[in-house]
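Below, read A as the first sequence line, B as the second, and so on, with proteins coming before strands; counting in each chain starts at 1.
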There are 2 protein chains.
Amino acid sequence: MFSNSTKYAIKAVLYLAVHSSEEQKIMIKDIAEPINVPKHYIAKILQALSKKDIISSTKGPKGGFYLTSDQLQTKVMQIIEAVDGEERFNSCLLSLEKCNSDNPCSLHHLVFDEKNKINERLKMTTLKDLRQHIMRGESILPL
Amino acid sequence: MFSNSTKYAIKAVLYLAVHSSEEQKIMIKDIAEPINVPKHYIAKILQALSKKDIISSTKGPKGGFYLTSDQLQTKVMQIIEAVDGEERFNSCLLSLEKCNSDNPCSLHHLVFDEKNKINERLKMTTLKDLRQHIMRGESILPL
DNA sequence: TCTTAAATATGATTTTTATCATATTTTACT
DNA sequence: AGTAAAATATGATAAAAATCATATTTAAGA
Ligand code: FES
Ligand code: FES
């Protein structure tokens, strides 16, 4: 459903959501290890997310990555779109085109409503929401 | 959501469902062109599906691919599994492991019910069903 | 039986995605 | 100012997915 890169991005950002703050920055290697993602790979992803202002970073000693409280309001979908691009989610199941209810492909009716609902949830749910679930023990951050 | 190979496979098999029969076999090139898929690529896919008895084929002059009436009862999910393997659909969104409600990842609750429903539909819906929709003009076979 | 038309088997090439590596820049601290 | 610790930029390599190519097998029809 998601690319590897997106999975990793979400895990990393959630890790930051739970463990970081402006006063508590985290280095790449201390993110990569607990979420079980190759260090160099996640570095590239985090750098891109930082450039897009989805996460924050500072260079140099005592530097690292972190989320501001504003950034805790980021929606899950924004991360997906930042990494994989917008199209991926609205594309038709069978063609290269965009899904289009006026010209539905053969699988359209089987999935459209559910896909839409998932879409809405991903657009609505913030990192803060997910952090809360994790802290309450309702979900986990998998390896 | 699906790999390229799976998309192509579904389109090709649906094309056969609509246009072929034991008396009306169709050659690779006459499948590849209308569904807009590279000829050699779809050839490989069709050969694999034939080996798994999801479609039928005969060699030689007047040969080609077709579906028996039994094969019209194939479920969409069977095609997906034949091409991409079983795991793809039951894997967790964030990890490499299988999705597991007892140890839900952070996105699990956002998608599980809907994903399940889609799953059920794909397991239930046959090629015959989809053919009927197409013939009634309720859906199309996209390029 | 010979020729031809089709799928089949096999493998090579290209493209994309994932992973690894390193030189450069910035910043904190001495 | 100088040193070290961090991200950043850039690019190289590896693995996987997609695409292309071709020799072999099978069956129909002359
Ligand atoms: S048109 Fe194909 S999924 Fe909507
Ligand atoms: S555990 Fe991750 S999707 Fe169910």
Just how far, in rounded Å, is P of D:dA7 from CD1 of A:I42?
12 Å
Would you tell me if any nitrogen or oxygen in the side chain of A:S57 comes within less than 4.0 Å of OP1 or OP2 on D:dA6?
no
Does atom CD (A:Q73) have a neighbourhood of more than 12 heavy atoms from anything else shown, all under 6.0 Å?
yes
Polar side chain donor-acceptor pair, A:H108 to A:S101, under 3.5 angstrom
yes
Contact class for A:I45 (heavy atom, under 4.0 Å): base, sugar-phosphate, or nothing?
nothing
Can you tell me how far C1' of D:dA7 sits from CG of A:L16, to the nearest Å?
13 Å
Student check: side-chain heavy atoms of B:I35 and B:Y8 closer than 4.5 Å:
no
Rounded at 0.5 Å granularity, tell me how far CZ in A:F65 sits from OG in A:S20.
11.0 Å
Does CD belonging to B:E22 count more than 12 external heavy atoms closer than 6.0 Å?
yes
Distance check needed: C:dA7 C1' versus B:F65 CZ, whole Å only.
6 Å
Measure CG/A:D53 against P/D:dT8 and give the value in whole Å, please.
12 Å
What is the distance, rounded to the nearest whole Å, between atom NZ of B:K25 and atom C1' of C:dA5?
13 Å
Nucleotide N/O of nucleotides 15-21 of chain D paired with protein N/O under 3.5 Å:
| unit_1 | atom_1 | unit_2 | atom_2 | d |
| --- | --- | --- | --- | --- |
| D:dA18 | OP1 | B:N4 | N | 3.1 |
| D:dA18 | OP2 | B:S5 | OG | 3.2 |
| D:dA18 | OP2 | B:Y41 | OH | 3.4 |
| D:dA18 | O5' | B:Y41 | OH | 3.4 |
| D:dT19 | OP2 | B:Y8 | OH | 3.4 |
| D:dT19 | O4 | B:K44 | NZ | 3.4 |
| D:dA21 | N7 | B:H40 | NE2 | 3.4 |

How many angstroms lie between CG in A:L130 and OG1 in A:T74, if you round to the nearest 0.5 Å?
11.0 Å
Looking at B:K117, I'd like to know if its NZ atom is crowded, meaning that more than 12 non-hydrogen atoms belonging to other residues, nucleotides or ligands lie closer than 6.0 Å.
no
Calculate the interatomic distance between B:M27 atom CE and C:dA7 atom P; express it in whole Å.
7 Å
Taking atom types as modelled and ignoring hydrogens, do the side chains of A:S56 and A:Q71 form a donor-acceptor contact shorter than 3.5 angstrom?
yes
Could you give the CD1-to-P distance, from A:I26 to D:dA6, as a whole number of Å?
13 Å
How about B:I80 and B:I10: do any of their side-chain heavy atoms sit closer than 4.5 Å?
yes
Measure from CG on B:L49 to P on C:dT8 and round the result to the nearest Å.
11 Å
Protein-nucleotides 25-30 of chain D N/O pairs closer than 3.5 Å?
| unit_1 | atom_1 | unit_2 | atom_2 | d |
| --- | --- | --- | --- | --- |
| D:dT26 | O4' | B:K59 | NZ | 3.4 |

